[in-house]
Amino acid sequence: MCGIVGYIGERQAAPIILDGLSKLEYRGYDSAGMAVCDGNRIRIKKAAGRLKVLENLTHGGETMEGCSGIGHTRWATHGAPSGVNAHPHGNSAGTIAVVHNGIIENYIHLRKKMIERGYEFVSETDTEVLAHLLDYYYKGDPLAAIIKVLHRVEGSYALGILFADHPDEIYAVRKDSPLIVGKGTDGCFIASDVPAILKYTRTVYYVENQEVARLKRDDLRFYSVDEEELEKEPVQIDWDADAAEKAGYDHFMLKEMYEQPKTVADTVSPRIQGGDLALEELKMSDGELMGIRKIYIVACGSAYHAGVTGKYVIEGLARIAVEVEVASEFRYRDPIMEEGGMVIVISQSGETADSLAALREAKARGFKVLGIVNVVGSSIAREADSVLYTWAGPEIAVATTKAYSAQLAALYLLAMKLAKVRGTIGEAEFRSLLSDLERLPDQIELLLSHKNKIQHFANRYIGARDIFFMGRGLDYAISLEGSLKLKEISYIHSEAYAAGELKHGTISLIEDGTLVVAVSTQPKLYQKTISNMVEVKARGAFVMAVTCEGNRAIEKASDYVIYIPATNPLFANSLAIIPLQLFGYYVAVGRGCDVDKPRNLAKSVTVE
Ligand code: AGP
């Protein structure tokens, strides 16, 4: 996700835009740019790197004169971080400039069409398509041109747009990506988020999907895509600045948990086209995918846990043997690897030292490496042979949530592609999987709405000494992640166990009242897990179960049950993790821990 700021009014626009962008750097910070209109022409300045680079380039905005402008701080999705790919993007004549937050899902098709019409592209971005489309449809009426473009593009967008021959206007458009409009005493504003303009005004309008805003110095108009003028009520913001960066959430972690429906949708939707998977970014032909004889997944921490889920899903669908290993072990054990193998390195930051070293080890042995990475242009992304990006946007909280969920979604896509190419699933099963995959965002949203119930339960365990998680198969995979979420932010000792393994030692730790979280989402294993729950209850444990709607039999072996909606068992981890994230979060909050910056931890472990 990126940050957008725009201003039109009595004051110089550039300094206001830079100030606003500085409040949005948490949304993306690999490049930045501004377009300012001085009444006659639009000037664009942009640069790779943090916002500071742009500030220095424009002497704090002083070299860009004009009272209307738009600015952008980028979190790269399409096209590596660079000056050329930075926003704003303009048409060749320099009479139109646009900044964009979101993903234009059909940009490849539109880019091809515009090139056929003689348009020349200079960047690798999806956004540049918008600048040329606006140029193509513009006949002197900005609103009419914008609406024609909206009918052509698919995907998510928040846009700020300048037209040189309308220097006293700024236009803004929204679909799925957040956008607000502010009205102050000396001008009007657009922004991706409240923090950018809180200093200038607390009177804001939330732009809804498919609404177009026209801003003048002292006049605000809103239109539908049918060019009907809309009446909108302003909202008075009463947040303080710090709360505003978290969009009103108490912590970035909670905010990012609530972004999971969107990050899963953003990771999946652009890769489903015409009812089939579009995964050209794998850079592997169907023949090469057919030829894969073994998969090695290497990662650290939560990314490793995602890999464990990936193992079960890929083996379950594509029947390819998968080995999963923590990168710090893989890199030093001189692994025995089969020819025809494929290595997958999973990493949110793309900078984890052990994972990067493991990638280099695999490549040194002649293996192709696929990266599943969140940060575009990061070291792992650059050194992998191909990358399947998780479009989760910048993740601020040290404890990963939305990036982890996006990693699971990316692994599902890969597993389905492999299975389809190798013929291990039929068309009917593929369609069913696709349908279940596309329903996950709404189901995640539903589970997040139960946060108060989970908070109430979590408050009972803020004094716990040990909390255990257990499950079988995929339920073991998600137990690993649930346990890590709890311990890394609440500092309570926790372990995850394959449920069948408890009786080989750890069960000796179970005492009266010890909380055991039993995850049971795999129908074929329901009874086995119930047996393990009975075993721990017999020794005094309090058992919290996370299971699928309809599995009532589990209630006889549980003290507290959380139900998740029905989905394909292979995708159940994406739902079971939600109550586990919320549980860990509220235990940590109840203990007064620094949830976003837990002690001893860093967001990216760039050292061994
Ligand atoms: C997870 O909540 C932790 N922040 C940590 O385990 C993290 O997943 C691990 O350090 C790997 O980071 P990466 O995904 O950026 O490589």
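Indexing begins at 1, ligand by ligand and atom by atom, following the structure's order.
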If you count the atoms of ligand 1 from 1 in the order shown, which ones are under 4.0 Å from a heavy atom of [X]?
{"X": "Ala399", "result": "2 (O)"}
{"X": "Lys485", "result": "1 (C), 2 (O)"}
{"X": "Ser302", "result": "1 (C), 2 (O), 6 (O), 8 (O)"}
{"X": "Ser349", "result": "13 (P), 15 (O), 16 (O)"}
{"X": "Glu488", "result": "1 (C), 2 (O), 3 (C), 4 (N)"}
{"X": "Ala303", "result": "8 (O), 14 (O)"}
{"X": "Val398", "result": "2 (O), 3 (C), 4 (N)"}

Which bit of Glu351 gets closer than 4.0 Å to ligand 1, counting heavy atoms only: side chain, backbone, both or neither?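 Looking at Glu351 and ligand 1, no heavy atom falls under 4.0 Å.
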In terms of residue, atom name and distance, what is the protein heavy atom nearest to [atom]?
{"atom": "atom 11 (C) of ligand 1", "result": "Cys300 O, 3.4 Å"}
{"atom": "atom 10 (O) of ligand 1", "result": "Val605 CG2, 4.0 Å"}
{"atom": "atom 12 (O) of ligand 1", "result": "Thr352 OG1, 3.5 Å"}
{"atom": "atom 14 (O) of ligand 1", "result": "Gln348 N, 2.7 Å"}

I need the minimum non-hydrogen distance between [X] and [Y], along with the two atoms involved.
{"X": "Glu288", "Y": "Met284", "value": "OE1-CA, 3.2 Å"}
{"X": "Pro565", "Y": "Leu575", "value": "O-CD1, 3.6 Å"}
{"X": "Ile292", "Y": "Arg422", "value": "O-NH1, 3.0 Å"}

What do you reckon, are the aromatic ring centroids of [X] and [Y] less than 6.0 Å apart?
{"X": "His456", "Y": "Tyr586", "result": "no"}
{"X": "Phe469", "Y": "Tyr497", "result": "no"}
{"X": "Phe457", "Y": "Tyr560", "result": "yes"}

Please say whether the positively charged group of Arg599, taken as NZ for Lys or CZ for Arg, lies over the ring of Tyr491, i.e. under 6.0 angstrom from the six-membered ring centre and within 45 degrees of the axis. yes
Is the shortest distance from a Lys or Arg side-chain nitrogen in Arg333 or Glu323 to a carboxylate oxygen in the other one below 4.0 Å?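 Here Arg333 pairs with Glu323 in a salt bridge, since their nearest N and O are under 4.0 Å apart.
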Using distance alone, decide if ligand 1 has a nitrogen or oxygen within less than 3.5 Å of any nitrogen or oxygen in Thr400. yes
Test of proximity, Glu481 against ligand 1: N or O pairs below 3.5 Å: no
Test: side chain to side chain donor-acceptor pair (under 3.5 Å). Region: residues 307-318. Which pairs qualify, not counting sequence neighbours?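 The answer is Thr309-Asn573, Lys311-Glu315.
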